[in-house]
Amino acid sequence: MSAALLPKPQMRGLLASRLRKHIVVAFLFSMGCAAGYKFGVAEPRKRAYAEFYKNYDAMKEFEAMRKAGVFESPPLK
């Protein structure tokens, strides 16, 4: 009598049905991680680089390093 109350186990297609569900969950999780990285890391990094190079003068930095003696080949003035 108690055997009639238990549902029969799925004997065929168990792997396929589980894989279908897990592939969808893995895809959604990976898209969430990618979006989190893009908006949490990559975009702020791009903004920081853009802000830095907006006012960066390479020749001024080169002259400062040359006067400090960082380079060996450019002559000191």
Side-chain angles (χ1 to χ4, degrees):
M1 189 147 138
S2 64
L5 297 178
L6 294 176
K8 288 188 174 184
Q10 183 179 1
M11 300 301 284
R12 292 179 187 230
L14 181 62
L15 178 63
S17 66
R18 292 269 176 112
L19 277 180
R20 199 171 298 120
K21 181 180 77 168
H22 285 100
I23 286 174
V24 169
V25 170
F27 179 76
L28 294 175
F29 180 73
S30 65
M31 285 293 121
C33 287
Y37 181 82
K38 178 177 172 42
F39 296 114
V41 175
E43 292 297 324
R45 186 178 291 170
K46 279 198 268 188
R47 282 194 301 272
Y49 273 100
E51 183 64 32
F52 175 77
Y53 283 111
K54 193 182 300 182
N55 301 320
Y56 182 70
D57 186 12
M59 287 307 293
K60 179 180 161 189
E61 292 294 323
F62 173 74
E63 291 297 327
M65 287 188 281
R66 192 180 66 157
K67 287 179 184 175
V70 173
F71 303 114
E72 294 178 10
S73 57
L76 295 174
K77 288 186 178 181

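- Other residues, nucleotides and ligands contribute at most 12 non-hydrogen atoms within 6.0 Å of the CZ atom of Phe29.
- Ring-plane geometry between Tyr53 and Tyr49 is classed as parallel, the angle between the planes falling under 30 degrees on a 0 to 90 degree scale with a further cut at 60.
- The salt bridge (Lys or Arg N to Asp or Glu O under 4.0 Å) contacts involving residues 8-29 comprise nothing, where partners must be two or more places apart or lie in separate chains.
- We find that Glu43 and Lys46 are joined by a salt bridge, their nearest charged nitrogen and carboxylate oxygen being less than 4.0 Å apart.
- Closest of all the heavy-atom pairs between Pro44 and Lys38 is CD-O, 4.4 Å.
- Smallest separation of non-hydrogen atoms from Glu61 and Tyr56: CG-CE1, 3.4 Å.
- Judged as a salt bridge (charged side-chain N to carboxylate O under 4.0 Å, His left out), and not counting sequence neighbours, the contacts of Glu51 are Lys54.
- Rounded to the nearest 0.5 angstrom, Leu28 CG and Ile23 CD1 are separated by 12.0 Å.
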